[in-house]
Amino acid sequence: MSTYGRFLAAALALMLTACGAGEPAPAVTTPSPVPEATVSTAPTVVATTPGANAPGSLPPVVQHGSRDVRKVALTFDADMTDAMKTRLRNGAVSSYANLRLLAILETRRIPATFFVTGQWAEQYPDVTRRIAGNPRFEIANHSYEHAAFTGDCYNLPRLAPGEMTGDVDKTFTTLHPYGGRQTRYFRFPGLCHDRAALRALAPLGVTVVDGDVVSGDPFARGAAPVIDAVLSRVKPGSIVIMHITEANARFTDDALPAVLAGLRRRGLEPVTLSELLS
């Protein structure tokens, strides 16, 4: 495992329900044909949809954008598992939607891309509509129930191979009515994927997005480690992974102003993922 992978494993060893990151998979530059699969996707996908690829080919995997542009994409994962829903119902936590973080982005007019699970959108429909209604924000797919697509993925429950395509397809169908700037970008829970998982996504015509800067905000004990994790690793073209899941990432909103200030000092402009990858 790379030094980057070891850092993630140490930083997120206790993570049971929020996103982590496995060792990044190499980018797929030449799609490979795969057998056809039956899938029923309600939204119409056109070639101009950001992240759209020809259905039936192995999805490309993106770690970062061009290093030749002084832009970075700030991405925020909106996780929701069955266990998280239970904690909400029994009052163990109050919220997995960080509205202060959202307000900072809105007030400062910062573009951002939100990787939303289907269950999070169902739990927070008003917040999802708020995200979709902002022209500076775009929406991407983070699976339906934030289950693992491989074994040994941060103790997340594992999807059966035959359920993977339907899980992601169901999320697109769930998100579609919210409108806004929707994409065909997909991020695996925990960034855990292998060739079998990529093949399962082939019928959906997506681009898989990992990221090269993991903030470590899930279960961080303060804002400082999050700020350092981002600013010590960010480069031109970086894709930064953070979370909007307040109870599991309590200091992301506290860290965000310092992160934005640090990006300005480095001459790096936050943009949406689709702009970075265009």
Side-chain angles (χ1 to χ4, degrees), residues 7-22 74-106 112 114-132 139-160 163 167-168 170-171 174-175 178 187-192 214-227 229-230 240-257 259:
F7 164 76
L8 297 183
L12 304 180
L14 298 179
M15 184 170 64
L16 301 179
T17 57
C19 278
L74 300 182
T75 69
F76 297 88
D77 291 357
D79 310 344
M80 183 59 66
T81 66
D82 290 340
M84 292 165 74
K85 289 169 65 178
T86 298
R87 285 192 281 276
L88 282 171
R89 284 195 300 268
N90 65 24
V93 301
S94 60
S95 177
Y96 288 110
N98 193 329
L99 300 184
R100 179 170 178 256
L101 182 152
L102 195 57
I104 292 170
L105 294 171
E106 291 168 337
F114 293 84
F115 281 85
V116 181
T117 60
Q119 290 195 148
W120 192 90
E122 291 172 345
Q123 184 70 40
Y124 298 107
D126 291 343
V127 184
T128 305
R129 278 189 285 270
R130 179 173 167 179
I131 292 170
I139 297 175
N141 189 319
H142 194 37
S143 81
Y144 182 75
E145 57 185 282
H146 202 264
F149 285 66
T150 66
D152 192 24
C153 184
Y154 304 99
N155 295 319
L156 292 171
R158 187 176 183 181
L159 277 176
E163 298 174 345
D167 177 274
V168 179
K170 182 178 181 179
T171 306
T174 301
L175 295 174
Y178 290 95
R187 175 171 286 157
F188 284 97
L191 305 189
C192 302
V214 176
S215 68
D217 58 347
F219 303 109
R221 297 183 178 181
V226 178
I227 297 166
V230 174
V240 181
I241 303 173
M242 292 182 280
H243 292 76
I244 193 174
T245 47
E246 182 176 17
N248 282 356
R250 295 188 296 123
F251 299 99
T252 311
D253 53 350
D254 292 333
L256 184 57
V259 168

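Everything quoted here is computed from the prediction, not taken from an experiment.
With F114 as the partner, the side chain to side chain contact (heavy atoms under 4.5 Å, CB included) test is satisfied by one option alone out of V127, L102, T128: L102. Of the candidates L105, D126, I139, I131 forms a side chain to side chain contact (heavy atoms under 4.5 Å, CB included) with just one, namely I139.
No donor-acceptor pair closer than 3.5 Å links the side chain of D77 to the backbone N or O of D79. No donor-acceptor distance shorter than 3.5 angstrom exists from the side chain of T245 to the backbone of Y96, with no hydrogens or angles considered. For the pair T81 (side chain) and E145 (backbone), a donor-acceptor distance under 3.5 Å is absent. Side chain of H142 to main chain of R187: a donor-acceptor pair is present (N/O by atom type, distance under 3.5 Å, no hydrogens or angles). In this structure, D217 contributes its side chain and H243 its backbone to a donor-acceptor pair below 3.5 Å. Between the side chain of T117 and the backbone N or O of A78 there is at least one donor-acceptor pair closer than 3.5 Å.
By the ring-ring contact (aromatic ring centres under 6.0 Å, His included) test, Y144 pairs with no residue at all, sequence neighbours left out. With sequence neighbours excluded, the residues forming a side-chain hydrogen bond (donor to acceptor under 3.5 Å, both in side chains) with D254 are R100, listed by chain and number. With sequence neighbours excluded, the residues satisfying ring-ring contact (aromatic ring centres under 6.0 Å, His included) with Y124 are W120.
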Residues Q123, M84; criterion side-chain contact (heavy atoms from CB on, under 4.5 Å); working and verdict: CA-CA 11 Å; Q123 184 70 40; M84 292 165 74; over 6 Å; no
side-chain contact (heavy atoms from CB on, under 4.5 Å) evaluation trace for M80 with L88: CA-CA 10 Å; M80 183 59 66; L88 282 171; 4.0 Å; yes
Determine, stepwise, if the pair I241 / L191 fulfils side-chain contact (heavy atoms from CB on, under 4.5 Å). CA-CA 10 Å; I241 303 173; L191 305 189; 3.8 Å; yes
Intermediate values then yes/no, side-chain contact (heavy atoms from CB on, under 4.5 Å), N248 and F219: CA-CA 6 Å; N248 282 356; F219 303 109; 3.6 Å; yes
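M242 CE to S215 OG: the interatomic distance, rounded to the nearest 0.5 Å, is 6.0 Å. Note that CD1 of I244 is 5.5 Å distant from CG of L101, once rounded to the nearest 0.5 Å. Once rounded to the nearest 0.5 Å, the distance linking OG1 of T174 with CD of E122 reads 5.0 Å.
For the pair T150 and C192, the tightest heavy-atom approach, listed with the atom from each and the gap, is OG1-CB, 3.3 Å. Counting all heavy atoms, side chain and backbone alike, P189 lies closest to C153 at O-SG, 3.6 Å. When every heavy atom of L175 is checked against every heavy atom of A140, the shortest pair comes out as CD1-O, 3.9 Å. Here the closest non-hydrogen pair linking A132 and Y178 is CB-O, 3.4 Å. Nearest heavy-atom pair, S143 versus F149, reported as atom, atom and distance to 0.1 Å: CB-CE1, 4.1 Å. For the residue pair A229 and V214, the shortest heavy atom distance occurs at CB-O, 3.9 Å.
More than 12 heavy-atom neighbours from other residues, nucleotides or ligands sit within 6.0 angstrom of CZ on R129.
Counting heavy atoms from C-beta outward, L99 and R130 have side chains that approach closer than 4.5 Å.
A salt bridge is defined here as a Lys NZ or Arg NE, NH1 or NH2 lying under 4.0 Å from an Asp or Glu carboxylate O, and K170 with D167 fails to meet this definition.
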